[in-house]
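One structure below.
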Number of protein chains: 2
Amino acid sequence: MPKNCNFIEKLREVGLRPTKQRIKICEVLYNREKTFHFTINDLVKMISEKMNEKISLATVYNTVHAFEKKGYLKEISIDSHKSYFDTNTSSHHHFFDEDTHELIDCDESDIDKINIKKNITGKKINSVEVLVRVASDNQTQK
Amino acid sequence: MPKNCNFIEKLREVGLRPTKQRIKICEVLYNREKTFHFTINDLVKMISEKMNEKISLATVYNTVHAFEKKGYLKEISIDSHKSYFDTNTSSHHHFFDEDTHELIDCDESDIDKINIKKNITGKKINSVEVLVRVASDNQTQK
DNA sequence: CAATAGTTTAGAATTATTATAATGTAGATT
DNA sequence: AATCTACATTATAATAATTCTAAACTATTG
Ligand SMILES: [Mn+2]
Ligand SMILES: [Mn+2]
Ligand SMILES: [Zn+2]
Ligand SMILES: [Zn+2]
């Protein structure tokens, strides 16, 4: 965790111009110990809270999608009503807390290898991901 | 597959009034051999193609969500840009064809039992579902 | 220091979904 | 069968998320 990660270089490497807005977004997203999950709304709030300047919503959308295309971010679909993004771009599974609507990572090593007996002819498997929906234990004794 | 399924009774059983709109939606959804996946848009098209009368979009939304709440339909999240529904309400897995954006069922029996080693304290598992993303085999030799 | 290609921005446009409120209807009551 | 009432449908308006637009700005190149 270098104090001042060189996001300029990182951005250049993938052909994105290191503008101050993109560097700011990089800082919010990647200048931390652990990966995390966020919605566009979360990100906009984080930026406006942690920084003094405001960034246009369009720029946030554009940059997030540019990062997604470059493989810097991963989009997670759990709730069709919200778009979640993940700074952990590796293939992994999730718990989704239906009480808090929180996403929690689950490493591939936390789940035994998944064996799929069926296959689709002419198609190749790109990813296999598990979504485990969880909820509070005490409200289940109906 | 009775020719004229008694949707009126079915609707009454769960406390929904059997209006002609709901019966029409039932026919489109359940008067077939196999379960299937659809978006609201698909459903509206199906109704207007198969039937002569038009049903208000609001009614389609309301009815689909009423059915979902009653457990007659299940919502599937794969693509945050689209809401898919499933007339197969049992717990099952899916293949998602990234070329055609088509959802294909995968029975629980087609995948070996999934063993989750991690658990979230205080939380109970509600469901474990797998999403297998597939794509054409020949475009993968980049 | 231009010139240029790429970027940001505010605001408009689009799309999906939900809310509203007036009208209609199924089923019960007389 | 006429009337009543709660629930439904409908057209339309409102909202929310996302994308588009086109003008202003800026990082890089020469
Ligand atoms: Mn997207
Ligand atoms: Mn829904
Ligand atoms: Zn994750
Ligand atoms: Zn299905």
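Chain letters run A, B, ... following the sequence lines, proteins first, then strands; residues in each count from 1.
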Close N/O contacts between protein and nucleotides 28-30 of chain D (under 3.5 Å):
unit_1 : atom_1 : unit_2 : atom_2 : d
D:dT28 : OP1    : A:R12  : NE     : 3.0
D:dT28 : OP1    : A:R12  : NH2    : 2.6
D:dT28 : OP2    : A:R12  : NH2    : 3.2

Report, one pair per line, the protein and nucleotides 9-12 of chain C atoms (nitrogen or oxygen only) whose separation is under 3.5 Å.
unit_1 : atom_1 : unit_2 : atom_2 : d
C:dT9  : OP1    : A:Q21  : NE2    : 3.2
C:dT9  : OP2    : A:S56  : N      : 3.1
C:dT9  : OP2    : A:T59  : OG1    : 3.0

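Residues in residues 42-64 of chain A take part in no ring pair (Phe, Tyr, Trp, His ring centres under 6.0 Å) pair, two or more places apart or across chains. Residue pairs meeting the salt bridge (Lys or Arg N to Asp or Glu O under 4.0 Å) criterion with at least one member in residues 34-45 of chain B: none, sequence neighbours excluded.
Against DNA chain D, the stretch residues 35-46 of chain A makes no heavy-atom approach under 4.0 Å.
Distances were taken from every side-chain heavy atom of A:K20 (C-beta onward) to each of C:dT17, D:dT26, C:dT8; the shortest belongs to D:dT26.
Looking at residues two or more places apart in sequence or on another chain, you find a ring pair (Phe, Tyr, Trp, His ring centres under 6.0 Å) between A:F36 and A:F38. By the side chain to side chain donor-acceptor pair (under 3.5 Å) test, A:E108 is found to be paired with A:S91, residues two or more places apart in sequence or in another chain being considered. A:S56 meets the side chain to side chain donor-acceptor pair (under 3.5 Å) test with no other residue; sequence neighbours excluded. Taking the salt bridge (charged side-chain N to carboxylate O under 4.0 Å, His left out) definition, one finds that A:D97 meets it with B:K123, sequence neighbours left out. In terms of the salt bridge (charged side-chain N to carboxylate O under 4.0 Å, His left out) criterion, residue partners of A:K117 (sequence neighbours excluded) are, by chain and number, B:D112. The side chain to side chain donor-acceptor pair (under 3.5 Å) test applied to A:R133 returns A:E98, not counting sequence neighbours.
A side-chain donor from one of A:E75 and B:S80 sits under 3.5 Å from a side-chain acceptor of the other. Inspection of the A:H37 and A:D86 side chains reveals an N or O donor paired with an N or O acceptor under 3.5 Å. In summary, the side chains of A:H94 and A:D105 do present a donor paired with an acceptor at a separation below 3.5 Å, with no hydrogens or angles considered.
At the phosphate of C:dA16, neither OP1 nor OP2 sits under 4.0 Å from any side-chain N or O atom of B:H81. Residue B:Y61 places no side-chain N or O under 4.0 Å from the OP1 or OP2 atom of C:dT18. Put simply, B:T19 has no side-chain N or O that comes within less than 4.0 Å of OP1 or OP2 on D:dC7. Close to D:dT18, at under 4.0 Å from its OP1 or OP2, lies no side-chain N or O of A:H65.
For the atom pair CZ of A:F7 and CD of A:E9, the computed distance is 12.0 Å after rounding to the nearest 0.5 Å.
For B:R22 and C:dT25, the CZ to P distance is 15 Å, given to the nearest whole Å. What separates OH of A:Y84 from P of D:dT18 is a distance of 12 Å, to the nearest Å. Straight-line distance from the CD1 atom of A:I23 to the C1' atom of D:dT26: 12 Å, rounded to whole Å. Rounded to whole Å, atom C1' of C:dT7 lies 15 Å from atom NZ of A:K24. Rounded to whole Å, atom C1' of D:dT9 lies 13 Å from atom CD1 of B:I47. As rounded to whole Å, 14 Å separates atom C1' of D:dT9 from atom CG of B:L16.
More than 12 heavy atoms of other residues, nucleotides or ligands lie within 6.0 Å of NZ in B:K118, so this atom counts as buried by the packing criterion.
Taking the six-membered ring where the residue is Trp, A:H65 and B:H81 present tilted rings, their angle falling between 30° and 60°.
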- Message: Pairs counted only when both distances fall under 3.5 Å, Watson-Crick or G-U: show me the 5' to 3' dot-bracket for DNA chain C, [ ] for pseudoknotted crossings and | for other-strand partners.
- Response: ||||||||||||||||||||||||||||||
